[in-house]
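Residue numbering restarts at 1 for every chain, and letters A, B, ... go by the order of the sequence lines.
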Amino acid sequence: MELDKAYDPKSAEEHHYKRWEESGFFAPEINTDPEAKPYSIVIPPPNVTGSLHMGHALQHTIMDSLIRWKRMLGYRTLWLPGTDHAGISVQRKVVEQLKKDEHKKPTDIGREEFIKRAWAWKEQYGNTITEQMRREGASVDWSRHRFTMDESLSLAVRNVFCTLYDEGWIYRGLRIVNWCPKDRTVLSDLEVKEETKKDGKLTYLKYPVKDSDQTITVATTRPETMLGDTAVAVNGGDKRYKDLVGKTILLPLTNREIPIIADEYVDAEFGTGAVKITPAHDPNDYLVGERHGLEQLLVMNLDGTMNEAAGVEFDGMDRFAAREKVVAMFDELGLLEKVDDYEITLPVCERCKTVVEPILSEQWFVKMDEMRDLALDLMRHEGSPHFSPRVPHEKVYTNWLENLKDWTISRQLWWGHQIPAWYDADGNVFVARTEEEANEKAGGRDLTQDNDVLDTWFSSGLWAFSTFGWNGDVSETDDLNSFLPTDVLVTGRDIMFLWVSRMMMLTKKFVDKTAFNDCVITGTVLGKDGKPMSKSRNNGVDPIEMFDKFGVDATRIYLASIATGADIRWNDVGVETYRNFANKIWNATRFCLMNAEGAAVDHASLMNSGQWAVGSGQEESLTTDHRPPTTALADRWIVSRLNRTALDVNAALNKYEFHSAVSLLYHFFWDDFCDWYIELVKDEITAGGPEATTRIITIMEIALRMLHPFMPYLTEELWQKLPGTSNALHHAAYAGADATIMLASFPPGDKLSVDEGAEEEMKDVIDLITKIRNIRAEMNIKSSDKIIVHVATGTSGYNIFNNNKPQILKLARAHDLIIGNQFTVPKASATAVTSNAKIAIPLEGLIDFDVERTRLANQIAKLTEEKTRLDGQLSNANFVDRAPAEKVTELRDRSTELESQITTLNNNLESLN
RNA sequence: GCCGUCUUAGCUCAGUGGUAGAGCACUCGCUUCACACGCGAUAGGUCACAAGUUCAAAUCUUGUAGACGGCACCA
């Protein structure tokens with residue numbers, strides 16, 4: 001069989017996913033081992049309006065790698081996919097569509113019709129991301145796909161709401177909340193971001209004191225709110241205003257008289273030391289108002305316009321227009337003291353960047369004191385979730401919980417879970433799971449359901465258990481028993497509070513379990529400019545474009561290679577590296593297959609105890625012979641490297657060190673396997689020996705399995721082409737399933753097959769070859785010029801070099817290798833030393849003595865520098881006394897070795913003169 | 001204001017109490033029969049700065065400078 005010369009990712013990506021999905025390989029049911037341990041991950045549900053971005057690609061890569069790895073290790077794995085209903089985003093899309101297509105407002109068509117349109121929108125556009133996940137190769141169980149507005153998940157929401165209400169954990173109350181005038185809904189604190197405005201203004205207004213000529217000056221960034229002032233506050237200890245406390249102000253532009261009060265809240269040092277108090281439009285003022293029993297005067301509508309309480313002149317006017325008008329009117333009245341430029345940070349809506357208005361409004365809240373304790377106790381008593389990386393996330397998470405305020409959960413939207421609360425004509429509230437139940441509670445009075453819906457994150461907070469079938473009516477399912485707690489949650493920092501913490505609390509509260517044992521917090525993928533990717537910066541990189549350009553596998557393994565937990569800059573060159581890596585693997589396999597006539601994967605060819613390679617899941621017996629059946633150094637060495645790599649990769653994945661797993665695989669494959677092993681055995685293979693070919697395709701097969709979690713398409717494509725791969729290689733748990741690398745065993749690695757001796761011998765061979773190549777390169781020896789190499793070495797070196805003479809000759813492009821205990825350096829030789837050999841290459845007529853002298857001098861200088869440093873340490877009595885004995889010995893040995901190498905090189909240098 | 005992170009080769013980044021690593025770029029040389037998305041060989045770093053702990057610090061502690069993140073506040 002002959003492969004194309006270069007790997008074409010598209011052709012592999014096209015057919016494998018479909019087969020995997022249709023064969024049911026992704027579902028936990030594929031695992032037929034009744035003893036199999038479960039391993040589960042729930043996806044952080046992407047927003048239905050969304051499309052795949054680089055953050056998703058990174059997180060999905062991590063989740064899929066973990067799932068594929070565990071699946072290959074024989075776990076009953078479930079990666080559960082789904083999407084959330086994204087209340088505000090979908091609402092906005094539908095509103096826009098309605099306006100564009102029919103020039104209508106939502107109120108024109110009514111709630112019921114609007115929701116119908118929203119569902120239609122979701123059906124039409126809501127699967128973008130799920131299709132993109134198929135392209136990514138995500139091995140999610142589509143049969144368990146969930147949506148936060150599915151019937152069962154919605155029932156869960158109602159039941160949770162009712163229970164929390166009944167237990168007093170949810171309440172309805174009048175509070176200052178964050179209002180987004182554009183989306184026309186309340187937002188929770190977490191959905192409000194800060195934006196710094198350099199062109200802000202601080203306006204100083206003079207308020208006349210009643211029965212006096214005096215005025216009192218207050219400063220404000222929101223002059224229009226003065227229309228709602230119900231007091232002016234000063235610090236009780238402020239001498240300047242002492243006499244004014246208790247008097248009243250005649251509030252300009254209104255006919256109101258408001259008191260001057262003393263309150264601790266006011267900082268006498270700041271501004272004028274006098275503060276206008278607007279309890280209905282500022283959270284701090286609200287608290288002051290509570291303390292002093294002030295009127296809460298609401299002067300604004302929920303669309304950002306002023307209301308009639310603001311006065312006829314302002315009624316219906318936009319808040320920003322009103323601001324200008326208030327200032328102008330104060331100016332006319334001679335009551336405007338000044339307007340300063342002022343840099344101000346404003347709260348803005350996270351989604352639409354509209355300036356958020358703090359406003360007094362009656363909303364539903366989740367009380368957070370006891371709720372918070374659920375999560376804190378889990379962390380303190382069980383260390384759950386175990387964050388990775390632990391620093392700094394554990395502390396940030398805990399600190400946030402400790403300072404938590406109540407959570408506003410009502411939203412003034414139609415799309416979402418309508419709050420299961422009904423009101424009678426008198427405003428009495430009846431919270432119930434259904435309208436019937438509410439009617440029952442109300443004793444037949446006419447009821448109207450609350451117009452609002454719940455925060456999308458309220459339903460996402462139930463995701464860890466609602467997705468497994470819990471809905472309050474049903475509280476036990478097989479999936480729940482098997483898969484909760486989930487093993488790991490993989491997500492970004494940005495939703496640690498919005499989602500991670502709430503899922504911990506709600507899962508503990510309703511299922512009495514931790515939602516997930518581990519929590520991998522990924523870094524942010526930044527644009528090339530080192531800034532977070534965003535549309536406004538235009539520095540975004542589309543994962544789909546990367547898939548097209550470099551292939552899915554290259555993109556995936558690149559993402560895994562940068563998944564350290566720190567933020568990382570996107571770098572096309574990095575993906576290119578792994579595109580090249582994919583091609584390297586392709587070509588290595590191509591080489592194997594070109595020579596594979598009559599051979600087939602056979603693990604006994606590598607290992608007398610070859611079971612580990614297939615992954616029986618059995619512990620290796622210590623009595624088994626772990627040496628490969630051949631005695632050839634290259635074979636012993638590659639088997640050792642393979643096992644070491646497998647052990648290290650498993651260890652890295654266990655610690656969520658994806659980047660180091662990738663690096664291990666990359667270097668095993670490229671350096672060990674391609675650069676050395678293939679080259680060492682090439683002659684044997686091209687000569688047509690079936691043993692050597694069997695061995696190399698067997699190694700290839702095992703290496704592909706190790707790579708599969710990161711590069712699913714390429715490895716499947718190649719694995720299918722290797723002769724002798726079949727479902728016989730499957731992990732025992734998947735017996736009977738169609739042949740696929742997905743269900744083959746992940747190599748666990750075998751400690752006893754790590755052969756230190758072979759690795760040391762190979763190091764000697766590699767050193768020798770490298771030194772010879774160095775001489776060739778430095779001396780500009782043409783590749784066609786055959787050289788003769790003299791080597792002086794000890795007995796063990798003699799055996800090593802003699803046994804591998806053909807390979808050394810080939811890789812060093814040498815004509816002959818003369819090995820002895822010692823030699824006299826032939827005339828006009830270039831020379832070098834390794835840790836166990838002296839090398840001389842006679843180059844009569846080819847040698848440039850100046851170049852050689854420089855070369856040797858550089859070598860000597862380098863070695864001498866190292867020796868000087870070592871001897872410095874060794875002559876320090878403190879070091880010799882206090883450092884571990886083995887460390888001292890190690891340095892002494894190295895120093896002795898350097899001494900001998902330097903002497904040799906010095907002699908060689910002299911003999912040139 | 002509080003909590004925290006980062007500063008390592010030209011670039012992007014790993015790493016770690018005991019001789020500084022990778023990829024890319026650079027230099028030199030290769031149409032070597034898997035691969036030029038390649039092969040071979042070099043070069044390149046007082047690991048931000050200062051002090052301390054230690055036999056030993058790039059690694060631990062403290063401070064300084066710069067970059068950044070979260071939270072709170074902002075009349």
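- Applying the side chain to side chain contact (heavy atoms under 4.5 Å, CB included) test between A/Met54 and each of A/Thr524, A/Val541, A/Leu526 identifies A/Val541 as the sole match.
- Among the nucleotides B/A14, B/G38, B/U32, the one closest to any side-chain atom of A/Asn580 is B/G38.
- Nucleic acid contact class of A/Thr345 (heavy atoms, under 4.0 Å, all strands): base.
- Residues A/Thr896 and A/Glu899 bring no donor and acceptor atom of their side chains to less than 3.5 Å of each other.
- Comparing atom distances between the A/Phe270 side chain and each of B/G70, B/G18, B/C74 picks out B/C74 as nearest.
- Picking from B/G18, B/A41, B/C35 the nucleotide with the shortest atom distance to the side chain of A/Asn583 gives B/C35.
- Taken from CG in A/Asn876 to CD in A/Gln873, the straight-line distance is 8.0 Å, to the nearest 0.5 Å.
- Contact of A/Lys682 with B/A34 (side chain to base): a donor-acceptor pair of N or O atoms is detected under 3.5 Å.
- Heavy atoms of A/Ser660 sit nowhere under 4.0 angstrom from any nucleic acid atom.
- Of the charged side-chain nitrogens involved, at least one lies within less than 4.0 Å of a carboxylate oxygen, so that A/Lys721 and A/Glu717 count as a salt-bridged pair.
- The phosphate of B/A41 (OP1 or OP2) has a side-chain N or O of A/Arg773 nearer than 4.0 angstrom.
- Counting only heavy atoms from C-beta on, A/Lys887 has its side chain closest to B/G18 among B/A41, B/C3, B/G18.
- Picking from B/C73, B/C37, B/G18 the nucleotide with the shortest atom distance to the side chain of A/Asn284 gives B/C73.
- Of the two residues near RNA chain B, A/Ile769 and A/Thr577, the one whose nearest nucleotide lies more 5' is A/Thr577.
- In this structure, A/Arg222 reaches neither bases nor backbone, as no heavy-atom distance under 4.0 Å exists between it and the strands shown.
- Comparing the P positions of B/A20 and B/U59 gives a spacing of 14 Å, expressed to the nearest Å.
- Among the protein residues, A/Asn399 comes within range of the sugar-phosphate backbone only, with heavy atoms under 4.0 Å from sugar or phosphate atoms but none that close to a base.
- The side chain to side chain contact (heavy atoms under 4.5 Å, CB included) search around A/Asp850 returns A/Asp848, A/Arg853, not counting sequence neighbours.
- Among the protein residues, A/Val391 comes within range of the sugar-phosphate backbone only, with heavy atoms under 4.0 Å from sugar or phosphate atoms but none that close to a base.
- Atom CG in A/Asn587 sits roughly 10 Å away from atom P in B/C39 (whole-Å rounding).
- Taking atom C1' in both B/U54 and B/C13, one finds a spacing of 30 Å when rounded to whole Å.
- A/Asp267 comes within contact range of at least one nucleobase, with a heavy-atom separation under 4.0 Å.
- The base of B/C37 lies close enough to the side chain of A/Arg579 for a donor and an acceptor atom to sit less than 3.5 Å apart.
- Within 4.0 Å (heavy atoms only), A/Ala877 reaches no atom of the nucleic acid at all.
- Residue-level contact check: A/Thr564 touches the backbone only, with heavy atoms under 4.0 Å from sugar-phosphate atoms and none from bases.
- Here, B/G23 and B/C37 have their C1' atoms 14 Å apart, quoted to the whole Å.
- Nucleic acid contact class of A/Trp670 (heavy atoms, under 4.0 Å, all strands): sugar-phosphate only.
- Considering only the side chain of A/Lys862, B/A43 comes nearest among B/C74, B/C37, B/A43.
- The base of B/C35 sits within donor-acceptor range of the side chain of A/Lys584, with an N or O pair under 3.5 Å.
- B/C2 and B/U64 have their P atoms separated by 12 Å, with the value rounded to a whole Å.
- Between B/U7 and B/A48, the distance separating the two P atoms is 7 Å to the nearest Å.
- Residues A/Tyr558 and A/Trp570 place their aromatic rings such that the two centres sit under 6.0 Å apart.
- The same atom, C1', is picked in B/G44 and in B/U8; the two are 13 Å apart, to the nearest Å.
- B/U32 sits 10 Å from B/G40 when the C1' atoms are compared, rounded to a whole Å.
- A/Glu402 meets the side chain to side chain donor-acceptor pair (under 3.5 Å) test with A/Arg380; sequence neighbours excluded.
- Between B/U42, B/G70, B/G18, one nucleotide has an atom nearer to the side chain of A/Asn774 than all others, and that is B/U42.
- Counting atom types as modelled, A/Glu194 pairs a side-chain N or O with a base atom of B/C73 as donor and acceptor under 3.5 Å.
- Contact check on A/Arg869 versus A/Asp871 returns no salt bridge, with no Lys/Arg side-chain nitrogen under 4.0 Å from an Asp/Glu carboxylate oxygen.
- Counting non-hydrogen atoms under 4.0 angstrom, A/Cys592 reaches nothing in the nucleic acid.
- Among the protein residues, A/Lys810 comes within range of no part of the nucleic acid, since none of its heavy atoms lies under 4.0 Å from any strand.
- An OP1 or OP2 oxygen of B/C74 is reached within less than 4.0 angstrom by a side-chain nitrogen or oxygen of A/Tyr265.
- If you check every strand for non-hydrogen atoms under 4.0 Å, A/Phe497 touches sugar and phosphate atoms only.
- Distance noted for atom C1' between B/C74 and B/C6: 28 Å (whole Å).
- A/Glu897 and A/Lys867 are not joined by a salt bridge, as no carboxylate oxygen comes within less than 4.0 angstrom of a charged side-chain nitrogen.
- Picking from B/G23, B/G29, B/A41 the nucleotide with the shortest atom distance to the side chain of A/Tyr666 gives B/G23.
- Between A/Trp400 atom CH2 and B/G69 atom C1' there is a gap of 17 Å when expressed in whole angstrom units.
- The ring of A/Tyr666 has its center closer than 6.0 angstrom to the ring center of A/Tyr578.
- Where pairing requires Watson-Crick or G-U contacts shorter than 3.5 Å, the helical stems of RNA chain B with at least three consecutive pairs are B:1-7 with B:65-71, B:10-13 with B:21-24, B:27-30 with B:38-41, B:48-52 with B:60-64.
- Within 4.0 Å of A/Tyr342, counting heavy atoms only, lie sugar-phosphate atoms of the nucleic acid but no base atom.
- Comparing A/Ala6 and A/Lys395 by the nucleotide of RNA chain B whose heavy atom lies nearest to each, the residue mapping closer to the 5' end is A/Lys395.
- Between A/Tyr265 and A/Asn235, the side chains place no donor N or O within less than 3.5 Å of an acceptor N or O (distance only, hydrogens not considered).
- The CZ atom of A/Phe387 sits 14 Å away from the C1' atom of B/G4 (whole-angstrom rounding).
- Residue-to-nucleotide contacts include a donor-acceptor pair under 3.5 Å from the side chain of A/Glu679 to the base of B/A34.
- Counting non-hydrogen atoms under 4.0 angstrom, A/Leu202 reaches the backbone sugars and phosphates but no base.
- Between A/Leu593 atom CG and B/A34 atom C1' there is a gap of 10 Å when expressed in whole angstrom units.
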